[in-house]
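No hydrogens, no waters, no symmetry mates; every other heavy atom, side chains included, goes into these values. Chain letters run A, B, ... following the sequence lines, proteins first, then strands; residues in each count from 1.
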Amino acid sequence: MSDAIAPARVSDPRCADLFLHPPYRFQVMFQAVKTDIKFPKLEDETLAFWKQNRIYEKSLELRKDAPAFVFFEGPPTANGMPHPGHCLTRAIKDLFPRYRTMRGYRCERKAGWDTHGLPVEVEVCKELGIHSKEEIEAFGIEAFIQRCQQSVWRYMQEWERMTERLGFWIDISQAYVTYHQSYIESVWWSLKNFFDRGLLYRGHKIVWWWAQGGTALSSGEVGQGYREVADPSVYVRFPLEGVENTSLVVWTTTPWTLPSNQFAAVNSKLDYAYCTDSETGETIVVAAALVASLADKTKRTLTVQKTVKGAELLDLKYVPPFPYYYDQQSKELAELKEGGQCRPSWRVVEASFVTIDSGTGLVHMAPPFGEADYEVLVAEKARFKTPVQLPLLCAVAPNGRFTAEAPDYEGVWVKDADKPITRRLRDEGKLWHQEQYLHDYPFCWRASEDPLIQYPRESWFIRTTKFRDAMLENNKQIGWLPEHIGPGRFGNFLESNVDWALSRERYWGTPLPIWVCESTGQMEAIGSYDELLAKQGITGTEVWLEAKAKYPDLVDDLRVHKPYIDAILYDSPFEAGAKMRRVTEVIDCWYDSGAMPFAQWGYPHKNAASFKDQFPADFISEALDQTRGWFYSQLAISTMLFSKEEVAYPHPFKNCIVLGLMMAEWYESKDGKQRFLTEEEAREALGSEFVVKNGKMSKSLRNYRSPQEIFDKYGADALRWYLFANQPPWNSILYSERAIKDSIPEFILRLWNVFSFFTIYAEIDGFQGPADIVESLDQMNSSEFAKSPTYRPIEQRSELDRWMMSELAAACKDVVERMDKYDSYGACQTLNSLVDALSNWYVRRSRSRYWAADKQAPEKLDAYWTLYESLVVISKLIAPFTPFVAEVLWRHLKGDLSGVRESVHLCDFPSGDFASTDPLLNLRMNLLREIASLGRSARMDAKLKVRQTLSRVEVTLADESHIEWLKKHDDIVRAEINVKEIHYASGASPFVEYSVQPNFRKLGPRVGPLLPKLKQALVTASGAQLLEQMTLRGKITLSIDDKTIELDNEDIQVRMNAKAGWAASQGKNCVVALNTELTDELIRDGIANDAIRLIQDMRKKRQCDFADRIEVVLQSPETLIQDAIQENRNHICAETLAVRLTMDTSAVGVELEAVELAEFSVQLGLKVVKD
RNA sequence: GCGCGUGUAGCUCAGUUGGUUAGAGCGCGUCGCUGAUAACGACGAGGUCCCCGGUUCGAAUCCAGGCACGCGCACCA
């Protein structure tokens, strides 16, 4: 750039005499940039620049010996399209590593992909048009697995594109992949550790069972699938044996469990009532507390005969609704341990969890289909000498269909049996009442049409409950953002910890590495593939080799997967001649992701040093839904695997930002039938007949714009800034296209305009910036700039420059402080006000300096340097937030100066040590801004436009100590509010009245209840008199309720109000009053300003170049106008670059136009003068 | 049902240990500027701080009880 020789130019078009000089040439360091900027295009160019010059890699190399800042990437699943929510997590995940890298840390960013589990299997099934396990097996497990492995990468390209386009710097080439052999072997190692410590066990429990999928699900998975549904709610008679015409009434919402009924449970402490049902004359037994509400609900009259304690009902025998087991077993008796005999099933038993919150206070027990029911069975078994006499009565097969044990329903899917069962109960007179019940019920999170059922099943568990306290302690030391997650949501979740249901009876997942002796049933865990191959008498390895020979493209990692791994057998160490065979299950894919802190390295089989270096993480971030997903799986595995003695808490992560969920915003017609993503589209189609809707993002509703479209229209910086700067990241965030669009003018474009302003004048003036520094530059810091002969020490510059540098330094310190605390939102607010100060005060008030004639005037160079350095620092400050625009700024600002770092992302983050912060100056500058603002406000009230010059403004200050300083800046205030004179005062003033208020904070503790009266006394007294007293005697003495109170200066607060009747405006620190009297001279002055405005307007309309010289004709019969023009002729000409201003009607070749000037119609025309 | 969170301007959100005139941005309105110009800027209107009690001299802020919304949990039989 600096080689280019610019064409001849006028450096300052305001200076007419420049035209007299021959054109001259100079080198350009900065070229004016266009303002109609297309950010997406710039971003694409920046991406190419990064890639070509390996900037990310260089940013890592630069810090290769620096202390580590450890980041863990929570692995996404790449078998679905990335959506806006992923942009949020990836933006936050990018922000802090970038920031920390600039702050001097080594922040490696290893990508990762979650590749196992139900999500993948379900996708493949959809593709194949199959659903059940039988169908998968028929298709062939080998082929199915291969499909799964390929399916995982289906949307890989989209993910990579989104990641790159958003500016998320991460090592995708080094990504860990959960199906890779080394990853699986790490997982195996951890599971072997648990197994050997007795923490991995096989248990028979009631699990949430996905019948169609033939597998149990973890509580985390179950939680994903709750949905509100209406289920039948039935009240069923259980007739008591041996008591005439008397029934227990139980309530259930799962009629299909009734054929498997085994007990009726009561709470022995509750009262139960025998009631006469007027409708049927029968006697029913329900909880006494529920009689009234049941009568009301069923519109019956229930008359209580007697009330008994639940304990008295225990062991009463009843007839269950279905005869399937009852017919054969009801005559049996069994020996109780406590002595005596009893029928094992179909009697009333005790269950302390029974409440009167709902139902009847009597609970139908079907032990296979409820955890609580199952526990009751276990408890009952314990009472008997021969527990086998209490078998589990289960008429449902694992596929969710009735078995032959319930012949009437054999083969029927349980949920389909609800209706026929209810009908039959009614027909047989066993149904006492029926209604609909609306409640949440879990469905499979991946096959959302399939309801889950509770079902008894052998399954593998991790004994996490044993580590509950350790997990809680570990959790306490994690820095959660927002803080309440730790003790709140996450802590509560840990408190109610249950053992982790680890195994899945599925196909595509990490195989559970446990081999069982076929003969003795004894088991051992295997920690790696090599360990397995080293076993005695190994067989079955050829299955993989044959497959590989048949399909040479097979990924080698598949050898540790089903079905190949299942083929490997070896000699049992437990019994000669027996073989060891792997159990059939794979594991929960959440375990995979939770193991990533070590498994990403293949630890401990390899990369031990990397693991030690990169553990635990300093920072992770995911959305709220990961509380019991990845946040939990990591914490649980880590806490169990690494003792506190080995690794100090917290591990595996120290800080975690929990992101809010993203909401969609869209527009729809009032009937909801038409949906639009932007207001413009809606308006175009519907006029004003539409409504704005917010809600969850939904693929099927298509209620959000794809991230790619946002990138194309507004750019990644716009999205990033919107996400960072509009709310703390843990709030739920509205993905609103309009709001994203707005983030451009709010911040990015405002900054860009300042930059553009700088380049325009730097080019015109040939400001060289640091180009004249002989030494090689590096990061363009103050100390480097100081070597330029034109760079003056900050102390020597004007107040405005010093103020700007002070603001800049303060902002740097503030951003660092906030970002170190992970307060990205606060940091953005600081950045926003910094850019506002730069644009709306520094540049605005400095403009005249940039068009000063003398290019080498120190004040002019100061203005350039201050603005230039501000932009350089800001480009570094914003680099982690909006990396693209930061890079573009940096590259323009550095030109091609030698030695300067090629990318802003290779710089150190500015700490603000280049200038001292000056709070007093800051305060005073704000006061100045306030005065200007109040002046404008007063003008508005008096309806006096700024162009109308006024003679005088009176500023009354609360604190006189600033007056001397303010007087030095009269020029600024005069220019801002267009007055000729400013007068400052602090004491009594004709424009101000004072009111005195108590200093509540100070007096509250001292006078307590007297405060209201004290306030009253002060407010009603004359403020001026009180102040006089204070000035004379240094105190105010008041008498309240016979008590004398003395107030000193600190005990009161003085408030100033503008007196009525003045064009005045009051702020916190001052009152500004305008002299609104208009002299003829002032009026003429105003008319001249108006004329200037009209001429400039016309220049623009006629598309004059801003350096064009013109001739102006302005005619009016009014003497006032004529005088005004005459008097201000030179001023007008100078402002409008007019070489001639005439009122002569005979001017040739000038087209006249009628315009309004000071309420008169005048004729105005102009033409460009050719050189 | 239980738990966590949230409730402040038309919208999105700030609001320090309780201090008496509750803030910002956007939007809206009025206006200015016209050499940052399809830009820039100023000013203004707009609030029952969800409701109801309590503590206190004083509550958006603390406490209790409600209500609404969001999320989570599960012994919803």
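- As a whole-Å value, the separation of A/Leu258 CG from B/A77 C1' is 11 Å.
- The side chain of A/Ser839 lies closest to B/G41 when the candidates are B/G41, B/G35, B/G19.
- Among the protein residues, A/Val1007 comes within range of no part of the nucleic acid, since none of its heavy atoms lies under 4.0 Å from any strand.
- Taking atom C1' in both B/A74 and B/U6, the straight-line distance is 23 Å, to the nearest Å.
- Mapping A/Tyr722 and A/Leu1003 onto RNA chain B via the closest heavy atom, the residue that lands nearer the 5' end is A/Tyr722.
- Picking from B/A42, B/C4, B/A36 the nucleotide with the shortest atom distance to the side chain of A/Arg489 gives B/C4.
- Between the P atom of B/C4 and the CH2 atom of A/Trp480 lies a distance of 17 Å, rounded to the nearest Å.
- With both ends at atom P, the span from B/C75 to B/G70 equals 24 Å, rounded to whole Å.
- Pairing partner, B/C43: B/G29, with both Watson-Crick or wobble hydrogen-bond distances short of 3.5 Å.
- With a 4.5 Å cut-off on side-chain heavy atoms, A/Trp480 and A/Ile657 do not count as touching.
- Defined by atom type and a distance below 3.5 Å, a donor-acceptor pair is present between the side-chain atoms of A/Asp765 and A/Tyr864.
- Counting to the nearest Å, the P atom of B/G72 and the CD atom of A/Glu495 are 20 Å from each other.
- Across all strands shown, A/Lys1013 has no heavy atoms under 4.0 Å from either base or sugar-phosphate atoms.
- A/Pro442 comes within contact range of no nucleotide atom at all, as no heavy-atom separation falls under 4.0 Å.
- Among B/A42, B/A36, B/C4, the nucleotide with an atom closest to any side-chain atom of A/Ser933 is B/A42.
- Here the side chain of A/Arg1093 is nearest to one of B/G19, B/U34, B/C71, namely B/U34.
- For A/Leu1011, the listed nucleotide lying nearest its side chain is B/G19; candidates were B/G41, B/G19, B/A36.
- Checking B/A14, B/U37, B/A77 against every side-chain atom of A/Ile760, the shortest atom distance belongs to B/U37.
- Listed pair A/Asn753 / B/A39 fails the phosphate criterion, with no side-chain N or O lying under 4.0 Å from OP1 or OP2.
- For A/Phe758 and A/Tyr868, the distance between ring centers is under 6.0 angstrom.
- Nearest-nucleotide positions on RNA chain B place A/His484 closer to the 5' end than the other of A/His484 and A/Ser496.
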Could you go step by step and tell me if A/Tyr632 and A/Asn497 meet the side-chain hydrogen bond (donor to acceptor under 3.5 Å, both in side chains) rule? CA-CA 10 Å; A/Tyr632 172 69; A/Asn497 185 261; 2.7 Å; yes

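- In this view, A/Arg936 and A/Glu976 satisfy the side-chain hydrogen bond (donor to acceptor under 3.5 Å, both in side chains) rule, not counting sequence neighbours.
- When distances are taken from the side chain of A/Arg936 to each of B/G41, B/C76, B/A42, the shortest belongs to B/A42.
- Rounded to whole Å, atom C1' of B/C4 lies 7 Å from atom CG of A/Asn492.
- As rounded to whole Å, 17 Å separates atom P of B/A39 from atom CG of A/Leu751.
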Polar pairs (N or O, both sides) under 3.5 Å between protein and nucleotides 23-31 of chain B?
from  : atom 1 : to       : atom 2 : distance (Å)
B/C26 : O2'    : A/Asp742 : OD2    : 3.3

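- Using C1' as the reference atom, B/U48 and B/C43 are 27 Å apart when rounded to the nearest Å.
- When both pairing distances are held under 3.5 Å, B/A24 makes a Watson-Crick or G-U pair with B/U12.
- When the ring-ring contact (aromatic ring centres under 6.0 Å, His included) test is applied to A/Phe747, the partners found at least two apart in sequence or on another chain are A/Trp721.
- To the nearest whole angstrom, the two P atoms, one in B/A24 and one in B/C2, are 41 Å apart.
- Spacing of P atoms, B/U16 relative to B/C50, comes out at 14 Å, to the nearest Å.
- If you take CG of A/Asn999 and P of B/U20, they are 10 Å apart, rounded to a whole angstrom.
- Across all strands shown, B/G72 is found opposite B/C2 as a Watson-Crick or G-U wobble partner, with both distances under 3.5 Å.
- Residue A/Val754 is in base contact, counting any heavy-atom pair closer than 4.0 Å across all strands shown.
- Note on A/Phe369: nothing from the nucleic acid sits closer than 4.0 angstrom, heavy atoms only.
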Run the numbers on A/Arg847 and A/Phe757 for side-chain contact (heavy atoms from CB on, under 4.5 Å), then give the verdict. CA-CA 10 Å; A/Arg847 272 198 285 214; A/Phe757 175 89; 3.7 Å; yes

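- Closest approach to the A/Ser937 side chain among B/G19, B/A36, B/C43 is made by B/C43 (side chain taken as heavy atoms from C-beta onward).
- Between B/G58 and B/G41, the distance separating the two C1' atoms is 40 Å to the nearest Å.
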Side-chain atoms of residues 252-259 of chain A: list all donor-acceptor pairs with protein atoms under 3.5 Å, sequence neighbours left out, distances to 0.1 Å.
from     : atom 1 : to       : atom 2 : distance (Å)
A/Thr252 : OG1    : A/Thr254 : N      : 3.0
A/Thr252 : OG1    : A/Thr254 : OG1    : 3.1
A/Thr254 : OG1    : A/Thr257 : OG1    : 3.3
A/Thr257 : OG1    : A/Thr254 : O      : 2.8
A/Thr257 : OG1    : A/His364 : NE2    : 2.8

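- Rounded to an integer number of Å, the gap from CD of A/Gln727 to P of B/C11 is 16 Å.
- The side chain of A/Gln997 lies closest to B/U20, out of B/U20, B/A14, B/U37.
- A straight line from CH2 of A/Trp841 to C1' of B/C40 spans 15 Å, rounded to a whole angstrom.
- When each of A/Lys1015, A/Arg1001, A/Arg1006 is paired with A/Asp1051, the salt bridge (charged side-chain N to carboxylate O under 4.0 Å, His left out) condition holds for A/Arg1006 and for no other.
- Residues satisfying the salt bridge (Lys or Arg N to Asp or Glu O under 4.0 Å) test with A/Glu737, not counting sequence neighbours, are A/Arg705, A/Lys713.
- Residue A/Arg1001 places no side-chain N or O under 4.0 Å from the OP1 or OP2 atom of B/G18.
- Using a 4.0 Å heavy-atom cutoff across all strands shown, A/Gly1004 reaches at least one base atom of the nucleic acid.
- Dashed line: the shortest gap from a side-chain N or O of A/Thr253 to OP1 or OP2 of B/A77 is under 4.0 Å.
- Comparing B/U20, B/G41, B/C13 by their nearest atom to the side chain of A/Asn840 picks out B/G41.
- When the P atom is compared between B/G10 and B/G72, the two are found 30 Å apart, to the nearest whole Å.
- If you check B/A59 for Watson-Crick or wobble pairing at under 3.5 angstrom, you find it has no partner at all.
- Using Watson-Crick or G-U wobble geometry with both donor-acceptor distances under 3.5 Å, B/C49 finds no partner in any strand shown.
- A search for ring-ring contact (aromatic ring centres under 6.0 Å, His included) contacts involving A/Phe724 returns nothing, not counting sequence neighbours.
- Here the separation of B/G23 from B/C28, taken at their P atoms, is 24 Å to the nearest Å.
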